[in-house]
Asks: 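Before we start, here is the structure in question, set down as structure tokens.
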Amino acid sequence: MNVINKIPGPLLIFMGALSLSFGGLIVKKFEGSTEWQILFWRSIFFTLTVLTFLIITYKKKTLSSFYKSGLPGFFGGIVLSFGFCGYVYAMSNTSVANTNFIISLQILFLAIFGYLFLKEKISTITLVSIILAITGVTLMVGNDLRPGNLSGNLAAFTMPITFAVLIMIVRKFPTVDMIPAQFVAGISSCLIGFSVCIYYSHNLMVSPNDIFLGFLAGFFQVGFGFIFITIGARSTPSAMVGVIMLSESVLGPVWAFLFAGERVSLFTIIGGAIILFAVLLQFSSLLLSDKKEKIINSMS
């Protein structure tokens, strides 16, 4: 935990986005499993990953960490679980590009929520980065956007909204460890997947290949992804979190093209380059502000 805390917040956010970007590829590789079976196995391994992290971090104080996270942690976990459900359903019922495009809308929700609830100002550089990022996303998939499955597209909107709410909670209570909230989210989404499978009489057992993919999704993609993001968001402004998270929108379609056969158009490449430039612009802004702060501190 102490080692992770020493990593700059924006870098942690990027590492989390990198992990999450493999989600579409992993879901597309499942063989025969329904979205609810995928959700169930993904959530089981995610829950075990978070629990292991908590035990390593807190040891005998693991149970007390849940108590200390309090209502913010519990509420954040419940909210996040709906995002998990929407993500799996969306990836199963529409394209990776469509889903990532909708996910990228979180930057709008983050900036607006941060301004409304946390009174965070949006700097000129951040505003320019947001405009560039939105332009890049629009170019990346707008030219090739199809209606697709309406339910999948609608389900995808749960992700930017729930993610923005989670980040607001993290920013509002920066001293509260929100990692226990990840455990709550895993348990909740696991129960949702289990309940729906039972309701539709779906067998919870899937092929060994799909169980392995569930492990990859729960341990690597979601587990590490959300642990990095939750910790990194404590010291990273909401709008900046949104811009950096857009790198997931670039990388997700790339992995789907390379390993799942989803084609990437020239507009995707151009849009992705613009988004990466927006992310780099935010990093340069951070470096400049850090240098300015150090100069001021040295003079005082």
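Only this structure's heavy atoms are used, side chains among them; waters, hydrogens and symmetry mates stay out.
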Asks: Do Phe224 and Met15 have side-chain heavy atoms sitting under 4.5 Å apart?
Replies: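 When only atoms from C-beta onward are counted, Met15 and Phe224 do not touch, as no gap falls below 4.5 Å.
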Asks: Taking only residues at least two apart or on different chains, which pairs with a member in residues 206-217 satisfy side chain to side chain donor-acceptor pair (under 3.5 Å)?
Replies: Ser33-Asp210
Asks: Of all residues at least two apart in sequence or in a different chain, which pass the side-chain hydrogen bond (donor to acceptor under 3.5 Å, both in side chains) check with Ser21?
Replies: Trp255
Asks: Could you work out, with ring-ring contact (aromatic ring centres under 6.0 Å, His included) as the rule, every residue matching Phe117, not counting sequence neighbours?
Replies: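 With sequence neighbours excluded, Phe117 shows a ring-ring contact (aromatic ring centres under 6.0 Å, His included) to Phe113, given in chain and number order.
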Asks: Side chains of Glu248 and Asn100: closer than 4.5 Å at any heavy-atom pair?
Replies: yes
Asks: Evaluate the side-chain proximity of Ile179 to Ile231: yes if any heavy-atom separation is below 4.5 Å, no if none is.
Replies: yes
Asks: Using the side chain to side chain donor-acceptor pair (under 3.5 Å) rule, collect all pairs that involve residues 178-201, keeping only residues at least two apart or in two chains.
Replies: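 Matches after skipping sequence neighbours: Ser43-Ser189, Gln182-Thr230.
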Asks: When you check the side-chain N and O atoms of Ser151 and Tyr89, is any donor under 3.5 Å from an acceptor?
Replies: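 Looking only at side-chain atoms, Tyr89 and Ser151 do form a donor-acceptor pair, the distance falling under 3.5 Å.
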Asks: With a 4.5 Å cut-off on side-chain heavy atoms, are Asp177 and Ser69 touching?
Replies: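 SC-SC contact between Ser69 and Asp177 ruled out.
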Asks: Side chains of Val79 and Leu166, heavy atoms from C-beta outward: is any pair under 4.5 Å?
Replies: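 They are not in side-chain contact.
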Asks: Under the rule for ring-ring contact (aromatic ring centres under 6.0 Å, His included), what residues qualify as partners of Phe183, not counting sequence neighbours?
Replies: Phe66
Asks: State whether the side chain of Thr62 and the backbone N or O of Tyr58 hold a donor-acceptor pair below 3.5 Å, judged by distance alone.
Replies: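 No: the side chain of Thr62 does not pair with the backbone of Tyr58.
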Asks: If we ignore hydrogens and angles and just use 3.5 Å, is the side chain of Ser92 paired with the main-chain N or O of Glu35 as donor and acceptor?
Replies: no
Asks: What's the spacing between Leu39 CG and Cys85 SG if we round to 0.5 Å?
Replies: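 Spacing of CG (Leu39) from SG (Cys85) equals 4.5 Å.
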Asks: I need the Leu132 CG to Ile275 CD1 distance, nearest 0.5 Å.
Replies: 10.0 Å
Asks: Step through the shown structure and confirm whether more than 12 heavy atoms of other residues, nucleotides or ligands are within 6.0 Å of CZ on Phe75.
Replies: no
Asks: Using the test side-chain contact (heavy atoms from CB on, under 4.5 Å), find all partners of Ser247 that sit at least two apart in sequence or belong to another chain.
Replies: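 Here the qualifying residues are Phe14, Ala17.
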Asks: List the residues meeting ring-ring contact (aromatic ring centres under 6.0 Å, His included) with Phe84, not counting sequence neighbours, and say none if there are none.
Replies: Phe46, Phe226
Asks: Going by ring pair (Phe, Tyr, Trp, His ring centres under 6.0 Å), Phe220 matches just one of Phe212, Phe22, Phe228. Which one?
Replies: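 Result: among Phe212, Phe22, Phe228, Phe22 is the only option passing the ring pair (Phe, Tyr, Trp, His ring centres under 6.0 Å) with Phe220.
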Asks: Is it the case that atom CG in Leu71 sees more than 12 heavy atoms from other parts of the structure closer than 6.0 Å?
Replies: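 No, CG of Leu71 has 12 or fewer neighbouring heavy atoms, counting only those of other groups under 6.0 Å.
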Asks: Rounded at 0.5 Å granularity, tell me how far OG in Ser19 sits from CD1 in Ile229.
Replies: 8.0 Å
Asks: Are any side-chain N or O atoms of Trp36 and backbone N or O atoms of His202, one a donor and one an acceptor, separated by less than 3.5 Å?
Replies: no
Asks: By side-chain hydrogen bond (donor to acceptor under 3.5 Å, both in side chains), which residues pair with Ser129, not counting sequence neighbours?
Replies: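 side-chain hydrogen bond (donor to acceptor under 3.5 Å, both in side chains) check on Ser129 returns Gln282.
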Asks: Can any side-chain N or O of Lys28 pair as donor or acceptor with the backbone N or O of Met91 at less than 3.5 Å?
Replies: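 Yes.
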Asks: Hey, what else clusters with Ile78 if you join Ile, Leu, Val, Met, Phe, Trp, Tyr whenever side-chain heavy atoms sit under 4.5 Å?
Replies: Phe74, Phe82, Val184
Asks: So Gln37 and Leu204, do their side chains get closer than 4.5 Å, heavy atoms only?
Replies: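 When only atoms from C-beta onward are counted, Gln37 and Leu204 do not touch, as no gap falls below 4.5 Å.
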Asks: Measuring from atom CG of Leu216 to atom CD1 of Ile211, what distance do you get when rounded to the nearest 0.5 angstrom?
Replies: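 Those atoms lie 12.5 Å apart.
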Asks: Treating Gln221 as the side-chain partner and Leu20 as the backbone partner, does any N or O pair qualify as donor plus acceptor under 3.5 Å?
Replies: yes
Asks: Does any non-hydrogen side-chain atom of Val96 lie less than 4.5 Å from one of Leu25?
Replies: no
Asks: Excluding sequence neighbours, so at least two apart, what forms ring-ring contact (aromatic ring centres under 6.0 Å, His included) with Phe215?
Replies: Phe45, Phe219
Asks: Mind checking what makes side-chain hydrogen bond (donor to acceptor under 3.5 Å, both in side chains) contact with Thr162, not counting sequence neighbours?
Replies: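 With sequence neighbours excluded, Thr162 shows a side-chain hydrogen bond (donor to acceptor under 3.5 Å, both in side chains) to no residue whatsoever.
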Asks: Could you list the residues that satisfy side-chain hydrogen bond (donor to acceptor under 3.5 Å, both in side chains) with Ser123, not counting sequence neighbours?
Replies: Thr126
